[in-house]
2 protein chains.
Amino acid sequence: MERYSSRGAAAQNAPAEAGLHARVLEDLGTAICGGELAPGAILNIDELVERYAVSRSVVREVLRVLASMGFIETRRRVGVMIRTPDAWNVFDPQVIRWRLASAGRIAQIRSITELRTAVEPHAAWLAAARVGHDEASELVGLAAKMWAAGKAGDEERFLRLDIEFHRRVLAASGNEMFVKLQDLVAEVLSGRHHYHLMPHHPHEQALQLHADVAQAIQRRDGDRARSAMVQIMEQAFDEMTAIWEQAGTPAP
Amino acid sequence: MERYSSRGAAAQNAPAEAGLHARVLEDLGTAICGGELAPGAILNIDELVERYAVSRSVVREVLRVLASMGFIETRRRVGVMIRTPDAWNVFDPQVIRWRLASAGRIAQIRSITELRTAVEPHAAWLAAARVGHDEASELVGLAAKMWAAGKAGDEERFLRLDIEFHRRVLAASGNEMFVKLQDLVAEVLSGRHHYHLMPHHPHEQALQLHADVAQAIQRRDGDRARSAMVQIMEQAFDEMTAIWEQAGTPAP
DNA sequence: CCTCTTGAATAAGTCTGCTTTTTCGGCCTA
DNA sequence: TAGGCCGAAAAAGCAGACTTATTCAAGAGG
């Protein structure tokens, strides 16, 4: 199988056992996100059939999926045209993974970080109004565990608890889209780990702020929950800024 | 062609000239979003081939797209299983359209309204830091036109300008995901129109607030831009609340 | 010389029958 | 009862033929 994507970080998520569809999709997806297939470029089905040495049905199914992501447009008598990035479904988790694997990695991380900076404080505020008793208690418990893990210097555990904490706050907001958002953030965080862009040495203050959020939500003090979350986001944002100022890091 | 979706608002976006793929996708998408095909239900390809009287290739291509949206899961020896809503890509514009056509319409409108309530103030704040000279001027001009249209009572024109204004603010934030978000919001607003859920009688104060946002962004006063946008969002949110309190409206 | 019609070439869209692979579920043995 | 074997079911994949829409260019007519 000849590839478009230059065999870097690509195709790692779709190894041999994954089926032809997944492998071709993975390769074309990374190639488009990575710019190896530039917007405006034109392919045709037979060319892809030859290149990947798969049947027409496989190629056609992949093209349908790519079209639904806004990556391509097919026209009779013309072929398959690569679309410009502004048409892409940048909220699709799969697209985010591909972009994290591309040179636009830093931009992707920044976009999502800004997005959560906007959303999570509001989610905390909503959560204070809507959370159930048990949910609130668990949130407080989780904050306590984070505090312990942070104090003990157990970074791995802290990171897991951190992600779980934010997921629960978003879940408690009662907004399905906020919950989904956490999946995207998780993509970024795990991607950040994968590409060795990890800072995350929990500050003393961050530990306290998470506890504040949990407590404020439990006491249904929306404004306090929001302002504590704003501070958490400011810290997270500063961390990210530090990352992309030492940018240019080619990374694997 | 026999349908799953009960021939209501469905299949209106994919009429006869659209091709078999689009029509089958439309019908299955609305059926799943509408709950006619419940999570856990199992289909198989041949059944769909018979039901829609199309070939296997059409069905398989549709299934691949639905799978990439998190709607279904296919397993050998089992068939095609409908997945639970928490697996759906609720940020996909197509999914949003289907949900707006379903009984969960109100929930969808609420989710997105909450999302933009969270995002737009932050976008305004970012825009103040990043906007270019021309962009800022145009924003001020746009706010002025809105003011005129609002005063003249030209609702149609006001609505168009309103959408354009918010799009530009999001664009000026320099965050690609924020821009994409506006597409989703536009889906909701036009859906709201389509399903006759329009309030929108521009208040005097709203006119002033839009002008405030534009001016603050031009003067690079992020905090003032944000707080004005917060107030706009509060008004928009109140409008929406009014809609779903008179809920139960079956609508077309 | 320009416009309009026509028609042929092209590439996607659709259909069909076939082979391969995976996996479930029952059955058999230890 | 646990573990392994086997057969059937269904998706995955393949190959090729036919259909249809679109484009582009040549030729007819003004």
Side-chain angles (χ1 to χ4, degrees), chain A residues 1-4 11 13-29 32 37 39-83 87 94, chain B residues 1-4 11 13-29 32 37 40-83 87:
Chain A
M1 187 220 280
E2 234 176 303
R3 294 167 193 283
Y4 275 112
N13 300 319
E17 81 270 6
L20 298 180
H21 175 84
R23 271 181 283 171
V24 175
L25 181 62
E26 183 73 20
D27 191 64
L28 279 174
I32 295 173
L37 286 171
I42 292 197
L43 310 172
N44 62 56
I45 291 182
D46 293 332
E47 179 186 331
L48 295 170
V49 166
E50 241 193 301
R51 176 177 290 272
Y52 291 106
V54 296
S55 67
R56 284 170 59 83
S57 31
V58 171
V59 170
R60 292 188 44 79
E61 286 160 26
V62 167
L63 292 181
R64 291 294 197 187
V65 172
L66 291 173
S68 97
M69 291 171 171
F71 276 35
I72 61 170
E73 209 178 349
T74 72
R75 290 234 299 280
R76 278 181 156 143
R77 177 62 215 269
V78 174
V80 179
M81 195 175 60
I82 313 293
R83 301 181 69 183
Q94 181 63 82
Chain B
M1 188 219 280
E2 233 177 304
R3 295 168 193 284
Y4 274 113
N13 299 320
E17 82 269 8
L20 298 179
H21 175 84
R23 271 181 284 170
V24 175
L25 181 62
E26 184 73 20
D27 190 65
L28 278 174
I32 295 173
L37 286 171
I42 294 201
L43 310 173
N44 62 54
I45 291 181
D46 293 332
E47 178 186 334
L48 294 170
V49 165
E50 239 192 305
R51 176 176 290 272
Y52 290 106
V54 295
S55 68
R56 281 204 317 287
S57 32
V58 171
V59 170
R60 303 249 337 256
E61 285 161 27
V62 168
L63 292 181
R64 291 292 197 187
V65 172
L66 290 173
S68 96
M69 291 171 171
F71 276 37
I72 60 169
E73 211 178 349
T74 71
R75 288 233 300 280
R76 279 178 155 141
R77 178 59 213 273
V78 174
V80 179
M81 195 176 58
I82 313 292
R83 301 181 68 184

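In the text below, chain A, chain B and the rest are named by the order of the sequence lines, each starting its count at 1. Reckoned from all heavy atoms, side chains included, excluding hydrogens, waters and symmetry mates.
- Here the side chain of Thr74(A) is nearest to one of dC14(D), dC15(C), dG13(C), namely dG13(C).
- Between dG17(C), dT23(D), dA11(D), one nucleotide has an atom nearer to the side chain of Val78(A) than all others, and that is dT23(D).
- A straight line from CG of Leu20(A) to P of dA11(D) spans 18 Å, rounded to a whole angstrom.
- The CZ-P distance, from Arg23(B) to dG13(C), rounds to 14 Å in whole Å.
- Arg64(B) has a side-chain polar atom (N or O) that falls below the 4.0 Å cut-off from OP1 or OP2 of dG13(D).
- Annotation for Glu61(A) and Arg60(B): closest pair OE2-NH2, 3.1 Å, computed over non-hydrogen atoms.
- Contact record, Ile72(B) with Leu63(B): CD1-O, 3.2 Å, taken as the closest heavy-atom pair.
- Side-chain N/O atoms of Ser57(A) include none lying less than 4.0 angstrom from OP1 or OP2 on dA12(D).
- The distance between atom CZ of Arg56(A) and atom P of dG16(D), rounded to the nearest whole Å, is 12 Å.
- Tyr4(B) approaches Glu47(B) most closely through the heavy-atom pair OH-OE2, 3.1 Å.
- Rounded to whole Å, the distance from CD on Glu61(B) to C1' on dA12(D) is 14 Å.
- Regarding Leu63(A), its CG atom lies at a distance of 8 Å from the P atom of dA12(C), rounded to whole Å.
- The base of dT23(D) sits with one of its N or O atoms less than 3.5 Å from a complementary donor or acceptor on the side chain of Arg77(A).
- Look at Arg60(A) and you'll find a side-chain N or O under 4.0 angstrom from OP1 or OP2 of dG13(C).
- Side chain of His21(B), nearest nucleotide from dG13(D), dC15(C), dT14(C): dT14(C).
- Following rounding to the nearest Å, Arg76(A) (CZ) and dT22(D) (P) show an atom-to-atom distance of 7 Å.
- Atom CD in Glu47(A) sits about 16 Å away from atom P in dT10(C), given to the nearest Å.
- Here Asp46(A) pairs with Arg56(A) in a salt bridge; the nearest charged N to carboxylate O distance falls below 4.0 Å.
- The phosphate of dT14(C) has neither OP1 nor OP2 within less than 4.0 Å of any side-chain N or O from Ser55(B).
- In this structure, the nucleotide among dA11(D), dC14(D), dA17(D) sitting nearest to the side chain of Asn44(B) is dA11(D).
- Put simply, CG on Asp46(A) is 12 Å from P on dG16(D), counting in whole angstrom units.
- Distance from the side chain of Val58(B) is smallest for dT14(C) among the nucleotides dT14(C), dT21(C), dG13(D).
- Checked against dA11(D), dC15(C), dG17(C), the side chain of Ile45(B) finds its nearest nucleotide in dA11(D).
- Residue Arg75(B) has a polar side-chain atom (N or O) positioned under 4.0 Å from OP1 or OP2 of dC24(C).
- Contact between Ile82(B) and Leu37(B) at its shortest, heavy atoms only, is CG2-O, 3.7 Å.
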